[in-house]
Visitor: 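Before we start, here is the structure in question, set down as structure tokens.
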Amino acid sequence: MQKPSIPKGTRDFSAEEMAKRNYIFNTVKEVYRLYGFQQIETPAMENLSTLMGKYGEEGDKLLFKVLNSGDFLSDVSLQEVEQKLLGKLTTKMCEKGLRYDLTVPFARFVVMHRDKISFPFKRYQIQPVWRADRPQKGRYREFYQCDADVVGSDSLLNEVELVQIIDEVFRRLKINVCIKINNRKILSGIAEVIGEPDKITDITVAIDKFEKIGLEKVNEELASKGIAVAAIETLQPIMQLKGNNNEKLEALKEILSTSQTGLKGIEELSFIFKYIKQLNISTTVELDLTLARGLNYYTGAIFEVKALDVEIGSITGGGRYDNLTGVFGMPDVSGVGISFGADRIYDVLNQLELYPEDAACSTQVLFVNFGENETGYCLPLLQQLRANGISTEIYPEAAKLKQQMGYADNKKVPYVVIVGENEMNENKLTLKNMITGEQQLIDKSDLLSFVSK
RNA sequence: GUGAUCAUAGCUCAGUUGGUUAGAGCGUCGGAUUGUGGUUCCGAAGGUCGCGGGUUCGAGCCCCGUUUUUCACCCCA
């Protein structure tokens with residue numbers, strides 16, 4: 001006998017866990033719908049050519065590849081195997097891979113269906129993605145993303161709406177969060193001003209760690225990437241800018257006065273903050289210059305959401321990316337989007353015990369099974385309850401009553417109906433309330449009113 | 001990819017310096033109670049001590065390898 005197991009970094013979800021997860025998905029879906037987003041789905045597998053090279057060198061390594069069916073060695077030469085030319089071998093043995101995120105497949109979707117899509121296109125997508133990463137806290141090899149993106153619109157109104165969506169979702173979930181916002185153009189401007197415009201990626205990756213590892217370590221990392229000492233020094237006051245959002249933006253205008261790109265970024269953020277102020281959004285929205293986000297395709301605004309009451313990484317992120325579909329031959333289409341990290345939100349809700357009570361229970365009424373005659377008497381009653389929206393079941397076998405009651409108890413069924421010979425003769429039934437333990441003999445026709453409260 | 005760490009019943013975990021027949025709680029099943037669950041009492045089933053090799057008279061315990069768990073780094077949600 002072999003012990004069953006599941007692959008590293010994957011999870012089963014129990015009935016109870018699914019109830020909780022669906023609570024999150026449904027909340028996010030409902031808010032997306034309210035803002036006019038439409039749902040799409042794409043396949044779990046994409047052609048490897050669609051995925052490769054879109055997530056950088058690291059990303060390519062983390063792609064799950066799907067072995068060709070049939071004779072997958074047909075194109076492979078002995079020499080390639082002996083020399084372990086892994087790159088060549090995988091392209092010959094695998095032509096498909098599991099999706100790594102929802103954004104790239106979406107870009108592919110837009111390009112393939114551009115004839116049927118009217119722009120701007122607002123889509124949302126809630127599906128699992130896979131990464132061959134080493135699992136650790138809050139990190140899995142299979143996890144869900146809940147993306148919403150607008151493509152084909154440069155308007156900053158989209159950014160404002162996304163902030164509203166974030167605010168709305170977390171208000172509904174009762175999680176206290178802080179929305180951090182920054183702009184890639186400002187980061188580019190900073191890189192220009194300190195005289196290291198080519199090192200923009202290294203700089204953003206380093207300062208993104210500011211909150212986690214502190215100023216000193218960031219400086220060390222910057223130095224190790226070959227950033228000039230003078231440049232690092234110019235960077236210090238910028239990283240530690242104090243004050244409210246407007247004060248920060250004013251200070252930045254001075255600092256970035258020589259950078260056209262930087263000033264454009266400031267203008268964009270000012271627009272967004274202006275509307276957020278008018279809309280009275282209750283969540284704190286903070287300009288955080290150390291927010292960079294690893295993904296390199298962002299070109300404008302970038303967002304990140306942190307839970308205030310739980311120590312966990314970001315639970316939502318997003319941003320603006322110009323030229324999303326360029327790699328697939330459809331230039332000049334800009335997109336902006338966000339992604340809720342459902343698995344981390346799940347952990348937050350669990351730790352804070354914020355799930356509503358009714359997320360757990362399923363069956364409302366269980367009918368005890370005493371045999372054929374009694375079943376015939378009960379089935380129409382089940383039908384009637386179900387027609388009235390009450391989830392109802394009858395125990396499938398005429399097992400011992402003790403066992404049937406135990407089943408109801410385990411499943412937390414609040415009402416049990418007992419019908420035996422006595423009840424049938426009187427055209428009645430016994431209704432037991434499993435919470436109080438009380439039971440009473442009632443008229444068949446009164447059942448619905450008793451259990452529908 | 002780098003560095004740690006864990007693995008004993010379905011689950012959570014004990015198990016002394018290497019010493020006879022590996023234990024507990026929970027859960028499951030049966031009974032006390034053949035028409036009454038959640039409480040109580042009695043009883044039972046359930047183990048290749050992750051896997052493979054080694055040291056030893058003797059290994060759950062020591063050594064090596066491997067897989068798995070968890071965690072940190074890289075990167076990321």
Side-chain angles (χ1 to χ4, degrees), chain A residues 1-11 14 55-63 86 99-103 126-147 201-202 204-206 208-209 212-213 217 221 224-225 292-296 303-307 312-319 337-348 366-371 374 395 398-424 429-441:
Chain A
M1 186 200 72
Q2 61 158 358
K3 278 196 180 174
S5 61
I6 54 173
K8 192 193 275 215
T10 64
R11 297 156 294 164
S14 67
Y55 309 103
E57 226 173 290
E58 288 286 330
D60 283 356
K61 280 190 218 156
L62 297 180
L63 285 171
L86 295 179
R99 77 167 98 76
Y100 178 91
D101 71 357
L102 299 179
T103 308
I126 299 178
Q127 288 191 273
V129 303
W130 295 270
R131 296 184 189 177
D133 211 350
R134 231 194 250 194
Q136 53 179 281
K137 197 188 187 82
R139 216 157 134 179
Y140 309 97
R141 292 184 136 183
E142 177 186 63
F143 60 96
Y144 274 73
Q145 291 191 331
C146 312
D147 280 25
T201 305
D202 288 334
T204 52
V205 167
D208 194 38
K209 294 175 189 161
K212 197 171 176 184
I213 63 177
K217 296 262 180 182
E221 180 160 336
S224 77
K225 295 286 181 188
R293 293 187 64 77
L295 290 165
N296 269 317
F303 316 104
E304 192 160 285
V305 179
K306 286 248 158 84
I312 198 163
S314 86
I315 53 177
T316 291
I338 49 167
S339 179
F340 288 91
D343 297 276
R344 284 188 181 173
I345 293 173
Y346 177 88
D347 290 342
V348 171
L366 176 85
F367 281 71
V368 160
N369 187 330
F370 271 138
E374 289 84 350
Y395 200 83
K400 282 183 185 164
L401 191 51
K402 183 187 166 87
Q403 191 169 352
Q404 303 196 37
M405 296 299 284
Y407 174 82
D409 192 51
N410 264 329
K411 215 167 163 181
K412 296 192 170 51
V413 179
Y415 291 105
V416 170
V417 172
I418 302 165
V419 174
E421 230 173 291
N422 305 341
E423 286 86 352
M424 275 166 60
L429 52 82
T430 298
L431 178 67
K432 174 155 183 160
N433 182 323
M434 294 295 279
I435 297 154
T436 62
E438 291 164 6
Q439 65 183 51
Q440 50 190 321
L441 192 65

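Chain A is the first sequence line, chain B the second, and so forth, proteins listed ahead of strands; every chain is numbered from 1.
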Visitor: Mind listing the closest non-hydrogen atom pair of A/Met434 and A/Ala408 along with its distance?
Guide: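 Minimum heavy-atom contact is CE-CB, 4.2 Å.
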Visitor: Please report, rounded to the nearest Å, how far the P atom of B/rC75 is from the CG atom of A/Asp101.
Guide: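 Checked: the CG to P distance equals 18 Å.
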Visitor: How close or far is atom P of B/rC75 from atom NZ of A/Lys61, stated in whole angstroms?
Guide: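 Taking atom P of B/rC75 as the reference, NZ of A/Lys61 is at 11 Å.
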Visitor: Using atom CZ of A/Arg131 as one end and atom P of B/rC75 as the other, report the distance to the nearest whole Å.
Guide: 14 Å
Visitor: What integer number of Å spans the C1' atoms of B/rU12 and B/rC6?
Guide: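 Going atom to atom, C1' in each nucleotide, I get 15 Å.
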Visitor: Roughly how far, to the nearest 0.5 Å, is the CZ atom of A/Phe143 from the CZ atom of A/Arg11?
Guide: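 Spacing of CZ (A/Arg11) from CZ (A/Phe143) equals 9.5 Å.
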Visitor: Checking contacts here: which listed nucleotide (B/rA77, B/rC75, B/rA72) is nearest the side-chain heavy atoms of A/Lys137?
Guide: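 Side chain of A/Lys137 sits closest to B/rA72.
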Visitor: When you measure from the side-chain N and O atoms of A/Lys8 to the phosphate of B/rU67, is any distance below 4.0 Å, counting only OP1 and OP2?
Guide: no
Visitor: Let me know the distance between CD of A/Glu58 and C1' of B/rC76, rounded to the nearest Å.
Guide: 10 Å
Visitor: Tell me: OH of A/Tyr140 to P of B/rC75, nearest whole Å?
Guide: 22 Å
Visitor: Can you check the distance between B/rG60 and B/rU8, where both ends of the measurement are the C1' atom (answer in whole Å)?
Guide: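 Each nucleotide's C1' atom is 7 Å from the other's.
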Visitor: Nearest whole Å is fine: how far is B/rC76 P from A/Lys306 NZ?
Guide: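 So the two atoms are 14 Å apart, to the nearest Å.
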Visitor: Does CD belonging to A/Glu421 count more than 12 external heavy atoms closer than 6.0 Å?
Guide: no
Visitor: For the C1' atoms, the ones on B/rU55 and on B/rC64, what distance do you get once it is rounded to whole angstrom?
Guide: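 That atom pair is separated by 11 Å.
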Visitor: Atom CZ of A/Phe340 to atom C1' of B/rC76: distance rounded to whole Å?
Guide: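 Between C1' of B/rC76 and CZ of A/Phe340: 19 Å.
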Visitor: Nearest 0.5 Å, what's the CD-CG distance between A/Gln127 and A/Asp101?
Guide: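 Rounded to the nearest 0.5 Å, the CD-CG separation comes out at 11.5 Å.
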Visitor: Which heavy atom of A/Ile418 sits nearest to which heavy atom of A/Phe370, and what is that distance?
Guide: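 A/Ile418 and A/Phe370 have their closest heavy atoms at CG2-CE1, 3.6 Å.
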Visitor: Which value, in whole Å, describes the distance between the P atoms of nucleotides B/rC41 and B/rU68?
Guide: 43 Å
Visitor: Scan nucleotides 3-12 of chain B nucleotide by nucleotide, 5' to 3', and note B when protein non-hydrogen atoms come under 4.0 Å of the base, S if they reach only the sugar-phosphate, - if neither.
Guide: B---------
Visitor: Looking at every non-hydrogen atom in both residues, tell me the closest pair between A/Thr10 and A/Ile6 and how far apart they are.
Guide: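 In this case the closest contact between A/Thr10 and A/Ile6 is O-CD1, 3.3 Å.
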Visitor: Find the distance between CZ (A/Arg344) and OG1 (A/Thr316) and round it off to the nearest 0.5 Å.
Guide: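 One gets 10.5 Å once the value is rounded to the nearest 0.5 Å.
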Visitor: Indicate the ring-plane relationship of A/Tyr100 and A/Tyr55, choosing parallel, tilted or perpendicular according to the 30° and 60° boundaries.
Guide: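 Because their plane-to-plane angle lies in the 30° to 60° range, the rings of A/Tyr100 and A/Tyr55 count as tilted.
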Visitor: Among A/Arg139, A/Lys8, A/Arg141, whose side-chain hydrogen bond (donor to acceptor under 3.5 Å, both in side chains) with A/Asp133 holds?
Guide: A/Arg139
Visitor: Is A/Lys212 close enough to B/rC73 that one of its side-chain N or O atoms is under 4.0 Å from OP1 or OP2 there?
Guide: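 Looking at the OP1 and OP2 atoms of B/rC73, one of them is under 4.0 Å from a side-chain N or O of A/Lys212.
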Visitor: Hey, does the side chain of A/Lys209 come within less than 4.0 Å of B/rC76's phosphate (OP1/OP2), counting only N and O?
Guide: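 So the side chain of A/Lys209 is outside the cut-off, no N or O lying under 4.0 Å from OP1 or OP2 of B/rC76.
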Visitor: In whole Å, what separates the P atom of B/rG23 from that of B/rU28?
Guide: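 Taking atom P in both B/rG23 and B/rU28, they lie 24 Å apart.
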Visitor: Please report the distance separating the P of B/rC62 from the corresponding atom of B/rU17, rounded so that it comes out in whole Å.
Guide: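 Roughly 11 Å separates the two P atoms.
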Visitor: Please confirm whether the shortest side-chain N or O distance from A/Gln136 to OP1 or OP2 of B/rU70 is below 4.0 Å.
Guide: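 A/Gln136 to B/rU70 OP1/OP2: no side-chain N or O under 4.0 Å.
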Visitor: In Å, rounded to the nearest 0.5 Å, how long is the span from OH of A/Tyr415 to CG of A/Leu431?
Guide: 7.0 Å
Visitor: Could you list the protein-to-nucleotides 32-38 of chain B atom pairs, N/O on both sides, closer than 3.5 Å?
Guide:
| unit_1 | atom_1 | unit_2 | atom_2 | d |
| --- | --- | --- | --- | --- |
| B/rG35 | O6 | A/Asn422 | ND2 | 3.4 |
| B/rG35 | O6 | A/Glu423 | OE1 | 3.3 |
| B/rG35 | N1 | A/Glu423 | OE1 | 3.0 |
| B/rG35 | N1 | A/Glu423 | OE2 | 3.1 |
| B/rG35 | N2 | A/Glu423 | OE2 | 2.9 |
| B/rU36 | O2 | A/Lys432 | NZ | 2.9 |
| B/rU36 | O2 | A/Gln439 | OE1 | 3.3 |
| B/rU36 | N3 | A/Gln439 | OE1 | 2.7 |
| B/rU36 | N3 | A/Gln439 | NE2 | 3.2 |
| B/rU36 | O4 | A/Gln439 | NE2 | 2.6 |
| B/rG37 | O2' | A/Asp409 | OD2 | 3.2 |
| B/rG37 | N7 | A/Lys432 | NZ | 3.2 |
| B/rG37 | N1 | A/Met434 | O | 2.8 |
| B/rG37 | N2 | A/Asp409 | OD1 | 3.1 |
| B/rG37 | N2 | A/Met434 | O | 2.6 |
| B/rG37 | N3 | A/Asp409 | OD1 | 3.3 |
| B/rG38 | O4' | A/Asp409 | OD2 | 2.8 |

Visitor: At under 4.0 Å between heavy atoms, what does A/Gly138 touch on the DNA or RNA strands: base, sugar-phosphate, or nothing?
Guide: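 Base, at least one base heavy atom under 4.0 Å.
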Visitor: Can you tell me the distance, in whole Å, between the CZ atom of A/Arg139 and the P atom of B/rG1?
Guide: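 Spelled out: CZ on A/Arg139 to P on B/rG1 is 13 Å.
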Visitor: Cut-off 3.5 Å, side chains only: do A/Thr430 and A/Glu423 have a donor facing an acceptor?
Guide: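 There is such a pair between these side chains.
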Visitor: Taking atom P in both B/rU70 and B/rU36, what distance in whole Å separates the two?
Guide: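 Taking atom P in both B/rU70 and B/rU36, they lie 45 Å apart.
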Visitor: With C1' as the reference atom in both, quote the distance from B/rG25 to B/rG1 in angstrom, rounded to an integer.
Guide: 42 Å
